[in-house]
Amino acid sequence: MSSARKSAERVGPVPHARSDGSARRTGGDTAYDLLRRRILALEIPAGADLDEIRLAASCGVSRTPVREALIRLAADRLVMQLPNRGYVVAPLLLADFPQFIEALAITQGAVSALAAARRSDVDLERIRAEARRFADAVKHGDAVAIVSQNSALRLKIAAAGGNQYFTASYRQLLDESVRLVHTFFAHDKQPQQWIDHHDVLIEAIARQDAPAAERLGRHQAVEFQRQILAYLEGNEVSAVATLSEQETLARPRRKSKAA
Amino acid sequence: MSRRRKTDAVDLPPGKGATTTRLYHALKQDILRLELPPSAPIEESRLVERFAFSRTPIREALTQLAAEGLVELRANRSAVVAPITAQSVASYFEALNYVSSAMTRLAALRRTSAQLARIRARQDEFASLLLEEHEFDRGERNRDFHLAIAETANNRYLADQYQTLLDRGVRLANIPFYSEEEEGEDLDAHFRQACEDHEAMIAAIADRDGDRAEAITREHVALFRHRIVKFMSKYGSSLIEGHGEQDAPPKLRHAPHAPPSSRAGRSS
């Protein structure tokens, strides 16, 4: 999941069969993975200066792979290059927040619908394996691992949809959401809500119900927005109540289909 | 982002005063009005060109703005306008809530009648503004009203802190205003509510009622916060079906320009 850019999310029936050669990791890969993880966990906050020399020292590589990593992170929109060639961690500007949520909801709906429509049995098994890993991460209790495993599961769903354009932009949007989660969410109660979200979505994908998967994908993004806004209003309790209403809202369709 | 802007650049205000001070005010105005938007690089060479001053006073003005948190300076790099991130909103309102309610309480306990008259005068200036003619001024006159309260509180340390928060508030309030055409009726309703709050604050300060002054100020901060939350909820809810008005968080409404619902958009 962490070397995702190259091949991890490759779509299609081919399992993760990398030759020894392609699995070989360069210094650039190491620096990229390390920096990406630190930015997503807010260890390096938005707006922070990225000094090549210091980063090279802290990643244990030379400056060239750090520069390579920064270029890749800029393509991911996690860092920004300033006019005079310095890099800073990209902020999610307040002015862009509404557009971000809109893009997340539409893209998450689309990849979920495509996954329901196109998933193979192998895809489904892989998605379920990621869900089990998510449950393990929850047991272990490390917030950064939990949030990153949520992304891994979501990307596995996107991969089952088989549209690489959606997958690439979805990955960027998920990265942005990770930083918001670490800012706004209480980690003690979030995981159970996510498990519920995953369960209903995976069920829809399992029964190949694309409209339901799309609806859930969108709902869950909008729910994410609502919880952030509820946090801002100092009113998390009502956000939890809203969530359970949403879940019941999503269920009748399943019943009517079974009937 | 700058749909409503009228001029490309704010020229240096005429008048006396040191070059640095005048530059400082001109740049600050650009930043608060988002002519220089959050996160935008500030290129010194451009400023040199525009203001026809040397780099030294420009550097000094930028340093002063950096001290107020409106600009970020970086060694050997161009300065940037301080970003307003989605993440910063929560702590901003937390701070504003604490400081402004404390300021208004202290003002109520300590005010002289001359100070009360000054607060009254600032509110009259604010209330007299018509939006069409003074699109920027509302935010700035609102700040001046609260600054008059800050002076009345008679605590220079708190007042400095409050001024910084209020300046940031002017900039923050301009974000929904600029980045989309906020509905005129919504803005008017907001403005009327702000005026009501101000009147209630003045009454509490006049009565030397600290508790009431503090309570009203908290509501007033919540009013501002609602406006920002409403901006943040502009897109999203319309994308999901079964989302009626009653599901929306209190005081929030659908954005009038939101895209069509998913029900209409689904074809497969």
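Side chains included, hydrogens not; waters and symmetry mates left out as well; all remaining heavy atoms used. Within every chain, numbering begins at 1; the chains are lettered A, B, ... in the order of the sequence lines, protein sequences first and strands thereafter.
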Measure from NZ or CZ of B:Arg138 to the centre of the six-membered ring of B:Phe191 and say whether it is under 6.0 Å with the direction within 45° of the ring axis.
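Ring-cation test returns yes.
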Would a distance-only check, ignoring hydrogens and angles, find a side-chain to backbone donor-acceptor pair under 3.5 Å from B:Ser88 to B:Ile84?
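Not a single qualifying donor-acceptor pair exists.
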Given the options A:Ile101, A:Leu180, A:Leu42, which has more heavy-atom pairs under 4.5 Å with chain B than any of the others?
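Between A:Ile101, A:Leu180, A:Leu42, the count favours A:Leu180.
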Counting heavy-atom pairs under 4.5 Å with chain B, which one of A:Ala103, A:Pro91, A:Ala113 comes out on top?
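Counting heavy-atom pairs under 4.5 Å, the top option is A:Pro91.
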Part of B:Pro41 lying under 4.5 Å from any heavy atom of chain A:
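Just the side chain, heavy atoms under 4.5 Å.
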B:Val71 and side-chain contact (heavy atoms from CB on, under 4.5 Å): which single residue from B:Ile31, B:Val80, B:Leu27 fits?
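It is B:Ile31; the other options fail the test.
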is_close_aromatic(B:Phe93, B:Phe224), centroid dist under 6.0 Å:
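Here the rings of B:Phe224 and B:Phe93 have centres that are less than 6.0 Å from each other.
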